[in-house]
Amino acid sequence: MSRSLLVRIAAVLALVTGMAHLAGTFMAVPVDQVAMHAAIATMKSTMVPMPVGPARSYMQILDGNNLCTALLLLVCAAQLFVLATAPGGRATDRLLLITAVALAGFAMLSALYFFPVPTAMTALAALLTVIGRTRLPRGTMA
């Protein structure tokens with residue numbers, strides 16, 4: 001497989017994971033999940049003093065972290081789409097490596113704190129990016 005195809009597949013995996021994370025942030029909790037609603041109410045009412053600025057609730061902090069995570073996954077996807085067709089070279093190689101490391105880190109954290117789907121998607125995206133990084137684009141001399 002060509003570098004372009006491998007990196008595009010990695011980009012799609014990062015894009016789907018980012019979009020799913022974004023959607024999950026705004027999903028409604030089913031009414032029958034009484035314990036979850038109680039936990040959310042507690043998170044909304046528990047304020048955390050910030051070093052600068054007003055206090056925020058744990059729910060605001062969680063939502064902010066969820067949105068930051070989704071944003072960074074979407075940025076990784078966009079970067080991979082751009083790099084898939086970028087000419088080979090040191091800068092491209094380094095950016096692919098940095099993005100692969102970021103996705104691998106996300107996969108490890110997902111394995112520790114979340115569930116298997118984002119772990120598998122981002123681990124596979126990282127692996128495909130690393131493999132794609134070793135492939136020279138067509139017309140490039142080694």
Side-chain angles (χ1 to χ4, degrees), residues 1-44 46-48 50-142:
M1 268 192 238
S2 70
R3 181 188 81 176
S4 180
L5 181 59
L6 289 167
V7 175
R8 283 176 198 236
I9 293 169
V12 169
L13 290 168
L15 177 66
V16 168
T17 307
M19 294 300 291
H21 202 283
L22 189 60
T25 299
F26 297 106
M27 283 176 64
V29 176
V31 182
D32 63 335
Q33 301 269 332
V34 177
M36 176 106 58
H37 282 284
I40 290 169
T42 300
M43 289 175 68
K44 286 180 177 179
T46 304
M47 301 304 286
V48 179
M50 295 285 118
V52 176
R56 302 280 183 215
S57 72
Y58 272 108
M59 196 68 207
Q60 288 173 310
I61 294 168
L62 178 64
D63 285 343
N65 280 315
N66 284 340
L67 293 171
C68 285
T69 299
L71 174 66
L72 289 177
L73 282 166
L74 295 173
V75 168
C76 279
Q79 182 167 301
L80 288 172
F81 276 118
V82 169
L83 292 172
T85 57
R90 263 192 137 142
T92 301
D93 183 62
R94 287 179 179 169
L95 286 171
L96 285 169
L97 180 60
I98 290 167
T99 307
V101 168
L103 290 167
F106 190 93
M108 287 186 275
L109 291 170
S110 292
L112 285 171
Y113 295 103
F114 305 117
F115 58 101
V117 175
T119 301
M121 300 270 284
T122 53
L124 184 56
L127 180 64
L128 291 173
T129 301
V130 168
I131 294 169
R133 184 177 164 256
T134 65
R135 308 284 169 95
L136 293 172
R138 288 188 181 165
T140 303
M141 299 295 287

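What you are looking at is a predicted structure, and each value in this text was computed from that prediction instead of being measured.
- Atom CG in Leu5 sits 10.0 Å away from atom CZ in Arg135 (nearest 0.5 Å).
- Here the side chains of Leu103 and Leu13 are not in contact, with every heavy-atom distance at 4.5 Å or above.
- Side-chain contact between Phe26 and Asp63 is absent, with no heavy-atom pair separated by less than 4.5 Å.
- Residues passing the side chain to side chain contact (heavy atoms under 4.5 Å, CB included) test with Val48, sequence neighbours excluded: Met50, Tyr58, Ile61.
- Residues satisfying the side-chain hydrogen bond (donor to acceptor under 3.5 Å, both in side chains) criterion with Thr85, sequence neighbours excluded, are absent altogether.
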Open item on the list: For Leu80 and Arg8: C-alpha separation, side-chain torsions, deciding distance, then whether side chain to side chain contact (heavy atoms under 4.5 Å, CB included) applies.
Closed with: CA-CA 7 Å; Leu80 288 172; Arg8 283 176 198 236; over 6 Å; no
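- Considering only residues two or more places apart in sequence or on other chains, Thr69 meets the side chain to side chain contact (heavy atoms under 4.5 Å, CB included) condition with His21, Leu73, Phe106.
- Considering every non-hydrogen atom in both Ala11 and Ala77, the closest pair reads O-CB, 3.5 Å.
- Considering only residues two or more places apart in sequence or on other chains, Ser57 meets the side chain to side chain contact (heavy atoms under 4.5 Å, CB included) condition with Met47, Met59, Gln60.
- Scanning for side-chain hydrogen bond (donor to acceptor under 3.5 Å, both in side chains) contacts around Asp93 gives Arg133, with sequence neighbours left out.
- Residues satisfying the side-chain hydrogen bond (donor to acceptor under 3.5 Å, both in side chains) test with Thr99, not counting sequence neighbours, are Gln79.
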TODO: Let me see the working for Arg3 and Thr92 under side chain to side chain contact (heavy atoms under 4.5 Å, CB included), right down to the final yes or no.
DONE: CA-CA 11 Å; Arg3 181 188 81 176; Thr92 301; 3.4 Å; yes
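- Partner Thr129 forms a side-chain contact (heavy atoms from CB on, under 4.5 Å) with one of Ile9, Leu6, Leu96, Leu124 and no other, that one being Leu96.
- Residues Ser110 and Pro118 come closest through the heavy atom pair OG-CB, 4.0 Å.
- Side-chain contact check for Leu128 versus Val7: every heavy-atom pair is 4.5 Å or farther apart.
- Interatomic distance, CZ of Arg56 versus OG1 of Thr46, reported as 15.5 Å (0.5 Å rounding).
- Of the inter-residue distances, the one linking Cys76 atom SG with Phe81 atom CZ reads 12.5 Å to the nearest 0.5 angstrom.
- Although no hydrogens or angles enter the test, the distance criterion places a donor-acceptor pair under 3.5 Å between the side chain of His37 and the main chain of Pro30.
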- [ ] Under the side chain to side chain contact (heavy atoms under 4.5 Å, CB included) rule, what do Leu71 and Leu67 come out as? Steps first, then yes or no, please.
- [x] CA-CA 6 Å; Leu71 174 66; Leu67 293 171; over 6 Å; no
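- Here the CG atom belonging to Leu97 is positioned 10.0 Å from the CZ atom belonging to Arg94, to the nearest 0.5 angstrom.
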